Amino acid sequence: MFGFAGLETYAMQVCYLIGALLSAGAGLWIARFGDRERPDRGAVLVATAMMVVWCVLSVSFERGEPAIELAATGRNLALIAVIFRLFAADGRDASLKPTRPVILSLVLVQLMQPVLLFVYAQAGVFPQVAQIIFEVGTVLNMLVAIGALVLLHNLYAGAAASSRKIIRWSWIGLAGIFAYDLNFFTVAYLGGEFSTVLVALRGLIAGLFAGLLALGASSANAGLQFRPSRAVTFQTLSLLLIGSYLLVMVLVTRSLALLGGDIARASQLVFVVLAGACAILWLPSERLRGWLRVTAIKHLFQHRYDYREEWLRFTRTIGRRSNANSTFHERAVKAIADITDSPAGLLLVPNEEAQLELTARWNWATIEVPAAAGDYALSGLLEQHNHILDLDEARAAIDHHGELEHVPEWLCEAEDAWAVVPLIHFDRLVGTIVLARPRIERGLDWEDFDLLRVVGRQLASYLAEQAGQQALMDASRFDEFNRRMAFVMHDIKNLASQISLLSGNAEKHADNPDFRKDMLVTLRNSSDKLNALLARLSRYGSGQKQDVREVDLSRLAGDIADRFKAAHPVSLMRADPVKVLADIESLEQALIHLVQNAVDASNPGDQVFLSVTSDGLSGQIDVIDSGEGMSPEFVRSSLFKPFVSSKQGGFGIGAFEAREMIKAMGGRVNVESREDVGTRFSVTLPVPEAAKLLEKHTQQTSEQTEKEVA
């Protein structure tokens with residue numbers, strides 16, 4: 001009868017003997033029936049032969065002999081070669097490039113085993129040294145198993161659907177061998193010794209999975225292509241980084257243990273605390289993840305971008321709100337910023353004078369953007385050349401299309417501003433995106449330019465479509481407004497006729513002279529007011545010219561300030577003498593509306609200031625308040641939008657009407673506002689001399705054009 005130890009030895013020998021027979025049978029099957037054109041054929045034959053040698057040596061020698069460990073090392077190297085040849089099955093060197101660094105690392109780690117055997121032979125008599133060699137050896141074997149499993153995952157995930165059927169059995173066989181080894185060495189490391197049962201089963205498991213290698217070797221030859229995703233590559237690098245970190249921790253702590261005594265324990269404690277703090281600070285950081293991603297893309301892929309993934313992400317960002325408060329313009333900025341990993345961005349849209357104005361900002365509350373963010377020359381240059389402006393090149397005085405003199409100073413001074421992407425729709429600039437600098441420093445290259453131009457055109461079409469839809473909605477509302485005004489005008493006209501008739505009858509039939517006099521004055525004033533209102537309403541949509549003449553702007557501003565003083569403090573802080581060309585009634589009505597808005601936005605008792613200035617060519621009146629202020633999005637989308645009113649029953653055309661009145665007189669209205677700071681409305685009108693020069697120039701140009709046509 002065998003003792004317990006003898007039974008264990010006998011069972012182990014039987015398992016390894018069965019493993020040797022299965023491996024030998026697998027090798028013979030591959031040699032006879034396997035596909036001779038498969039690129040992994042030679043490596044698989046060598047691997048099965050090494051399995052046979054390893055199993056035979058395990059039966060012949062006692063456990064732990066150097067010959068067995070060297071045979072195990074040769075077996076693993078042959079299996080790694082099989083994995084490498086499977087990656088090369090498509091016949092193109094490009095598919096081998098991403099795997100070579102990992103393959104080389106695994107080979108080097110595996111070759112550390114003979115070194116450990118040599119050290120053990122020299123100093124294995126010391127228990128502490130033997131324990132360290134045991135732990136380091138198990139960790140190295142764990143790393144080899146993990147690396148091989150990661151490669152196998154990428155192999156199967158990156159293969160086409162038709163190719164997966166060909167490599168399926170080989171992949172399962174290799175994965176089974178290394179998965180068992182990973183568990184085998186993990187249990188040994190945690191338990192401090194090898195499990196007898198797991199040691200015995202190791203040979204049998206290897207033989208069974210060698211049979212799967214033989215089954216996979218008989219499939220028809222087909223091209224395999226390695227196409228790992230960016231996410232898989234990033235996870236692979238992260239896993240290798242974490243594994244290396246743990247290995248360094250194990251080696252350092254075990255090395256410190258050699259010091260002995262309290263010094264060793266204190267040193268180990270300090271090192272563990274510092275290593276843990278570094279892991280907490282660096283592993284979750286966005287900068288580290290960004291560095292890993294950039295490194296993987298730079299060294300393992302032919303192209304920087306996964307275009308399919310970028311396009312899917314772009315459409316998801318545009319079509320779906322990330323939160324209830326995000327606007328379309330903010331999502332547009334985010335959609336382009338995500339492509340370059342930019343943490344923030346701005347959307348600048350040209351106004352009626354082709355000046356760029358801030359419309360939306362995403363995650364960039366700190367940057368100061370002036371009211372005129374860019375002049376018309378910059379807009380024209382971006383529109384003409386569809387040039388993506390690299391602000392680092394602009395700061396280095398590198399000029400491509402003459403854009404250097406037109407780059408705004410605020411962009412050059414903002415060190416975190418990185419690039420300006422034009423949005424072109426049918427050769428027309430509909431906006432620009434200013435991107436913040438990515439967390440990982442890098443320069444723009446041709447692939448960035450190509451992708452940003454394509455995405456910019458797509459985004460420009462979305463912006464143009466939204467603007468077109470908004471214009472259609474406004475036109476529809478204008479039609480409704482005109483229909484309503486037709487009824488109002490008809491009723492007012494009838495009322496004015498009735499009052500005029502009553503006034504005429506009163507002159508003839510009233511007996512009381514005093515009553516008659518008061519009634520006539522009242523009725524005539526009412527009739528005049530109604531007729532004036534009728535005339536004003538008749539101007540909507542008729543294109544009737546206003547009564548434009550010289551107006552003393554300072555005097556008009558003083559009258560308006562006096563009118564509001566009783567209800568709210570309104571003061572004229574500067575009154576330069578200037579006369580402008582305007583219709584006084586329309587200008588007064590527009591200014592009253594702007595001042596009333598400033599009063600409504602201010603707290604009781606807060607001053608509203610009026611200021612009149614002149615630059616020689618035009619006169620300007622500013623209405624300044626220190627109220628709640630407005631966001632750029634509100635100024636752009638809602639302030640001058642007709643038929644949107646916060647008042648119950650209001651038409652919502654006051655601000656729109658004021659701006660249209662000023663424009664009809666040849667002027668313009670500019671707005672500068674900051675939330676929680678205040679607002680400045682600036683009304684600019686031409687002086688008579690400038691208007692005459694402009695009219696003369698226009699007439700000469702027209703005459704010259706007529707002569708050229710003739």
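What you see is a predicted model; the values in this text were computed from it and never measured.
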Mind listing the closest non-hydrogen atom pair of [X] and [Y] along with its distance?
X	Y	answer
G666	P686	O-CD, 3.6 Å
A598	V608	CB-CG1, 3.8 Å
I388	R453	CD1-CG, 3.7 Å
I592	R563	CD1-NH1, 2.7 Å
A557	L572	CB-CD1, 3.9 Å
A460	L423	CB-C, 3.6 Å

Report yes if some heavy atom in the side chain of [X] is under 4.5 Å from a heavy atom in the side chain of [Y]; otherwise report no.
X	Y	value
L348	T359	no
V635	E357	no
R457	N386	yes

A quick test of your reading: do over 12 heavy atoms of other residues, nucleotides or ligands sit less than 6.0 Å from [atom1] of [X]?
X	atom1	result
R555	CZ	no
E628	CD	no
R674	CZ	no
E409	CD	no

Is [Y] paired with [X] through a side-chain N to carboxylate O contact shorter than 4.0 Å?
X	Y	answer
R668	E352	no
D622	R574	no
K334	D338	yes

Treating R331 as the side-chain partner and G319 as the backbone partner, does any N or O pair qualify as donor plus acceptor under 3.5 Å?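 Side chain of R331 to backbone of G319: no pair is present.
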List the steps, then state whether side chain to side chain contact (heavy atoms under 4.5 Å, CB included) holds for H329 with L463. CA-CA 8 Å; H329 292 126; L463 293 173; 3.7 Å; yes
Check step by step if side chain to side chain contact (heavy atoms under 4.5 Å, CB included) holds for M665 and L685. CA-CA 8 Å; M665 291 180 274; L685 293 163; 4.1 Å; yes
Please test F681 against I621 for side chain to side chain contact (heavy atoms under 4.5 Å, CB included), starting from the C-alpha separation and ending with a verdict. CA-CA 8 Å; F681 280 90; I621 178 170; over 6 Å; no
Apply side chain to side chain contact (heavy atoms under 4.5 Å, CB included) to the pair D606 and D625, showing each step before the final yes or no. CA-CA 8 Å; D606 289 350; D625 67 75; over 6 Å; no
Is a donor from one side chain sitting under 3.5 angstrom from an acceptor on the other, for Q458 and Y462?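 Short answer, yes.
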E393 versus H400, side-chain donor and acceptor atoms under 3.5 Å: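 Looking only at side-chain atoms, E393 and H400 do form a donor-acceptor pair, the distance falling under 3.5 Å.
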Apply ring-ring contact (aromatic ring centres under 6.0 Å, His included) to F609 and list each qualifying residue two or more places apart in sequence or on a separate chain. none
Under the side-chain contact (heavy atoms from CB on, under 4.5 Å) test against L452, which residue among I433, L459, V421 passes?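 Only match with L452 under side-chain contact (heavy atoms from CB on, under 4.5 Å): V421.
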Residue of the set L358, L356, T432, V333 for which side-chain contact (heavy atoms from CB on, under 4.5 Å) holds with L346: L358
